[in-house]
*Asks:* 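Before we start, here is the structure in question, set down as C-alpha cells.
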Amino acid sequence: MNQIEPGVQYNYVYDEDEYMIQEEEWDRDLLLDPAWEKQQRKTFTAWCNSHLRKAGTQIENIEEDFRNGLKLMLLLEVISGERLPKPDRGKMRFHKIANVNKALDYIASKGVKLVSIGAEEIVDGNVKMTLGMIWTIILRFAIQDISVEETSAKEGLLLWCQRKTAPYRNVNIQNFHTSWKDGLGLCALIHRHRPDLIDYSKLNKDDPIGNINLAMEIAEKHLDIPKMLDAEDLVYTARPDERAIMTYVSCYYHAFAAVLFTYCTAANRICKVLAVNQENERLMEEYERLASELLEWIRRTIPWLENRTPEKTMQAMQKKLEDFRDYRRKHKPPKVQEKCQLEINFNTLQTKLRISNRPAFMPSEGKMVSDIAGAWQRLEQAEKGYEEWLLNEIRRLERLEHLAEKFRQKASTHETWAYGKEQILLQKDYESASLTEVRALLRKHEAFESDLAAHQDRVEQIAAIAQELNELDYHDAVNVNDRCQKICDQWDRLGTLTQKRREALERMEKLLETIDQLHLEFAKRAAPFNNWMEGAMEDLQDMFIVHSIEEIQSLITAHEQFKATLPEADGERQSIMAIQNEVEKVIQSYSIRISSSNPYSTVTMDEIRTKWDKVKQLVPIRDQSLQEELARQHANERLRRQFAAQANAIGPWIQNKMEEIARSSIQITGALEDQMNQLKQYEHNIINYKNNIDKLEGDHQLIQEALVFDNKHTNYTMEHIRVGWELLLTTIARTINEVETQILTRDAKGITQEQMNEFRASFNHFDRRKNGLMDHEDFRACLISMGYDLGEAEFARIMTLVDPNGQGTVTFQSFIDFMTRETADTDTAEQVIASFRILASDKPYILAEELRRELPPDQAQYCIKRMPAYAGPGSVPGALDYTAFSSALYGESDL
C-alpha cells in the first residue's frame, strides 16, 4: 500500500450546524443509545483524567465522582487556568448543589448556553445530564478555539483532519463517526506529523482493530494522549458516538499544535535576527541619502535669502514677497519634515543598534546631526533678515498709496452721504403734515443735525490728508485739491439750509399743538361714551334666559335704572359735539391744509348720532319683551307646583314599598308559601298604582314642553321616579323568583321549612350590609360558625361553587345550593358507574341488549345513543363505555 499520493483530489463537506450552541437537547425524552453511552463514559472519563492528573487526582465513575461538585470545579480550574469561587466543604445535599452551581455558573460565564442541565441532576448522579455537561465543557475548552481557514469548533476540527489526511489513500474523513472505523484516519494524523513513529505503508485497511490499537498505543506512549476509546466499540458499532471521537481527535490537534509551535519558534528567531540586521542597514543608507539631499538644498537656498537688492516699484516688491511666501509655504515645510524625520531615524537607528547589541552608527564626515543643525541655523538666520527687509521696503512704498487711497475712500464716503441732502433741506413737506408728522419731521431734522455734526470730523480729516499729500508731492495732487474744495463748499451750504428748516418746523409745531389738544380731549370723552352706547345697545338687544319670576323681576328693575341714566348721557353727547366744532373752527381760521379727522379716535360724530338714535329706539322694545317673559314665568311656576305635589307623594310610596319587600325577604318566620302569597299581594298593589305614574309622566311632558329644567318645590325628578318604579318592579319580580327557587330547592332536596329558616337566619346574620349579599370574608365567617374547618385550598374550592363568575359576592340562592349539596344525599358519578357495573355483570363495558333488557325503552335508547364505544381490554363488537358516559353526566370528562 502506498503511503501518500500527492496528486489526490480530496473533497469534503462542512456541517452547517451552529456547533457551539447545543444542537441536541439532553433532556429530550432522556434517551441515550447504550453503545454511545458506553463510549462517552470511557472517552469523557479518560479526557477528564488527562487534565485532573495535573492536579494529582482522577475519577473512576463519571456520574458519581462529580456529584459533590469538588472535582468538577477542580477540572474547570485546571483546563481554564482560572480560579473559581471557594467551594462549600459540607457534605449535605445543598452543599453539593451549591458547588455544582458554581461550576455551571462559570461555564455559563464563558458564553456557553446550558440547555436542560441543572445542578440537581448532577448531584443525583443523572448519567445523561452528567455526560451532557462534560460534553459542553469539552466543546468550550477543547474544540471551540480550534480555527482553520475562518472555520471554528467542529467545522474547524473536521477541516483540519481533512487537510492533514487528504494525501493518504483509503482515508476519507467526512464526519466524526463512520469515517474513523478503519483506524487509518488516526494513523494518517500521526504519520503526517511524526512519520518516525509509524510506517503507514505497512497498514492494512482490512485490519481496523489492529490499526486503531496501534494508533492509540503510539499516541499514549509518545504523544501523552490517553487511550479513550475501545477499538471493538468503533469497529462493531454501526455509527460510533460522534462526541467521543471528536473528544479523542481534538487531543491529536492540541498535541501536534504544540510540536509545530516548537519548530516554528526556532525558525522565527533566526528570521527575526536577520530582519533586524537588514532593517538597520536600510536605515543607515536612508540616513546618508537624506542628509546629503538636505545639506545640498540648504547650500543653494542661503545665497538667495542674503540678496538685499531693492526694487523700484510696488509690484516688483510684491513679487519678491510672494516668492518668499511660496518658499515658506511650499519649499521649506517638506524640508522641515525631512530634517525632523532625519533626526528621528538617526535616534531610532541608534536605539535599535543598542538594543540588538550592535555598534553605534557613525555617519560620513559633515553629515552628523550636529552638522545638519548648524547648517539649518544659518538658513533660518538668513531667512529672518530677508523677511524683515522685505516688509520694511513694502511699508515704505505702501505709505503714499495708502494716503491716496484713504483720501479717496473718505471723500467717496462723504459725497455719498451728502448726495441729495440739499434737496431734502429745501422741501416744505411740513406745510400739509399733521402734528405727529411735524414732530416726526422735527425729530428727524434733529437727527440730521447730529449726523451733520458727526461728519464735521470727517471733513476735517479729508482736508488734512489732502494737505499731507501736497507736502509729499503726490503725483495726482491737482485732482485731490479740486475734489477737497468742492467738499468744503458743499459743507457750508448744508449748514445754512439746516438752520432755516429748523425754524420753519418749530413754527408749524406750535400751530398744530392747539388742534392736537382739542383732538385729544374729544378722544378721551368720545371713546367712553361710545363704549357706553355700544354696551347699552348690547344689553337692550341681549337674549335673556330666565327660569324664575325672581330673575325676570330683577331684569325689569335693572332696565328701569338704565332709563333713569339717559338724561345725563344726552348732556355728555352735546359736550363732545361742541369739542369737534371747535376743531373745525381753528382749521378754517388759519387755513391749515390738514384733515379734520381725529388721529386719536376712530369714533366720528356721525357714528355717535346714529348710535344715540338706536339706543332711544331699543328702550321701548326692551320694555315689551320683559313684560312678556314675566307672564311666561308665572305660567311655568304653576306647572312646577302641580308636578311637585304628585312627585312628593309617589316618591315616598315607592321607597316604603321597597323597604316592605326588603323586610319580607329578610324577616322570614313562616312558610315559604305564606311569603309567596304576601309577595303576590305586594305585586298586585304595585301594578294597580301604575295610573299615578302615568299621570305624573303627563305633567312632566308639559314641563319639558315649557322648557322648565328645575323645580325647587320637590327633590324628585321624573328620572328618579322612573328609576325607582323600575327598581320596584324588578325587586318584587326577583324576590318572587327567589322564593319560588327556594321552594323548588326545598322540595327537590328534601329540606324542611325549619332548615330553610335556619339557612336564612345564618345568611341574614352575616349579611353585614343587609343588601342580600355576602362578600368572601362574610361567607368565610359564616362557614366557620357552622363548624367548617377551612384551609385556603378548601375555601377556594367552595368559592368556585358559590361564586363561579368571580363577582366577589355570594347570593342567598348560591348559599342555599351549597348548603343543600353539603347536607343532602345526592348521587355521584362513582355510584352511577357502580350501578352500570351491576347491570353489566361486572364487565368493564355493557351491550345494547343488556340496556334494553334492564332499563325502560326511552332511557335505554338515550344511553345507547350517547354512550361512546368501549376501546379497552377485552372489548367485543357493540361494547359501550359506561364509565366515560357516567363521568360525562357529572361534568368529569370532555364528552
Side-chain angles (χ1 to χ4, degrees), residues 398-520 583-584 586-600:
E398 281 181 340
R399 178 61 180 166
L400 280 176
E401 187 61 35
H402 173 71
L403 285 174
E405 181 61 27
K406 187 175 182 181
F407 174 83
R408 287 191 292 270
Q409 289 179 356
K410 287 185 175 294
S412 297
T413 302
H414 176 79
E415 290 167 351
T416 301
W417 173 83
Y419 178 77
K421 293 293 190 294
E422 292 183 63
Q423 288 74 16
I424 294 174
L425 292 173
L426 291 171
Q427 289 179 353
K428 294 185 179 181
D429 47 356
Y430 52 82
E431 291 182 350
S432 58
S434 63
L435 177 60
T436 303
E437 293 170 341
V438 169
R439 285 176 174 170
L441 290 173
L442 189 56
R443 301 296 176 267
K444 185 176 180 182
H445 187 72
E446 290 173 354
F448 174 77
E449 289 177 331
S450 299
D451 193 20
L452 187 68
H455 279 76
Q456 175 71 34
D457 194 35
R458 179 180 287 115
V459 174
E460 294 175 354
Q461 291 176 5
I462 291 172
I465 294 171
Q467 180 65 28
E468 187 174 359
L469 287 172
N470 278 283
E471 291 173 356
L472 295 174
D473 196 19
Y474 181 58
H475 65 89
D476 198 20
V478 174
N479 291 331
V480 170
N481 292 335
D482 182 57
R483 191 173 184 182
C484 181
Q485 187 61 46
K486 291 180 180 178
I487 290 172
C488 292
D489 293 342
Q490 185 189 38
W491 183 257
D492 293 337
R493 293 194 301 273
L494 288 175
T496 302
L497 293 173
T498 299
Q499 182 61 30
K500 291 181 179 180
R501 182 169 175 82
R502 164 171 280 280
E503 294 172 355
L505 287 172
E506 289 176 346
R507 284 194 303 270
M508 181 57 70
E509 181 185 22
K510 292 178 181 179
L511 181 60
L512 294 177
E513 280 180 349
T514 301
I515 298 174
D516 188 69
Q517 288 297 328
L518 292 172
H519 279 154
L520 185 59
V583 169
E584 295 175 354
V586 171
I587 292 174
Q588 293 174 0
S589 299
Y590 293 95
S591 301
I592 300 174
R593 293 184 294 170
I594 62 173
S595 173
S596 61
S597 60
N598 193 326
Y600 300 110

*Asks:* For R439, give me all partners under salt bridge (Lys or Arg N to Asp or Glu O under 4.0 Å), at least two apart in sequence or on another chain.
*Replies:* E509, E513
*Asks:* Using side chain to side chain donor-acceptor pair (under 3.5 Å) as the criterion, list what pairs up with D492, not counting sequence neighbours.
*Replies:*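 Expected list: none.
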*Asks:* What pairs with E405 under side chain to side chain donor-acceptor pair (under 3.5 Å), at least two apart in sequence or on another chain?
*Replies:* R408, Q409
*Asks:* Considering residues at least two apart in sequence or located in another chain, which fulfil the side-chain contact (heavy atoms from CB on, under 4.5 Å) criterion with A464?
*Replies:*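 Scan of A464 (side-chain contact (heavy atoms from CB on, under 4.5 Å), adjacent residues dropped) gives none.
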*Asks:* Taking all non-hydrogen atoms of both residues, which atom of L452 and which atom of G495 are closest, and how far apart?
*Replies:* CD2-CA, 4.5 Å
*Asks:* L518: what forms a side-chain contact (heavy atoms from CB on, under 4.5 Å) with it, not counting sequence neighbours?
*Replies:* E582, V583, V586
*Asks:* Nearest 0.5 Å, please: how far is CD1 in I515 from CG in L520?
*Replies:* 14.0 Å
*Asks:* In sequence, state the C-alpha distance, the side-chain angles, and the governing distance for L425 and F448, and then conclude on side-chain contact (heavy atoms from CB on, under 4.5 Å).
*Replies:* CA-CA 10 Å; L425 292 173; F448 174 77; 3.8 Å; yes
*Asks:* For F407 and A466, which heavy atoms make the closest approach, and how far apart are they?
*Replies:* CE1-CB, 4.0 Å
*Asks:* Test of understanding: with side-chain contact (heavy atoms from CB on, under 4.5 Å), list the residues that count as partners of H455, not counting sequence neighbours.
*Replies:* H414, W417, D451, R458, W491
*Asks:* Tell me the salt bridge (Lys or Arg N to Asp or Glu O under 4.0 Å) pairs involving residues 412-429, sequence neighbours left out?
*Replies:*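 Found E415-R483, E422-R493, D429-R501.
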*Asks:* Which atom names give the shortest non-hydrogen contact between L426 and L497, and what distance separates them?
*Replies:* CD2-CD2, 3.5 Å
*Asks:* Side chains of Q485 and N481: donor-acceptor distance under 3.5 Å anywhere?
*Replies:* no
*Asks:* Considering non-hydrogen atoms only, spot the tightest contact between L512 and A433 and give its length.
*Replies:* CD1-O, 3.3 Å
*Asks:* Does the distance from a Lys or Arg side-chain N to an Asp or Glu carboxylate O, for R502 and E506, drop under 4.0 Å?
*Replies:* yes
*Asks:* Does K406 have any salt bridge (Lys or Arg N to Asp or Glu O under 4.0 Å) partners at least two apart in sequence or in another chain, and if so, which?
*Replies:* none
*Asks:* The criterion is side-chain contact (heavy atoms from CB on, under 4.5 Å); which residues satisfy it with E503, sequence neighbours excluded?
*Replies:* Q499, R507
*Asks:* List the residues meeting salt bridge (Lys or Arg N to Asp or Glu O under 4.0 Å) with D482, not counting sequence neighbours, and say none if there are none.
*Replies:* K486
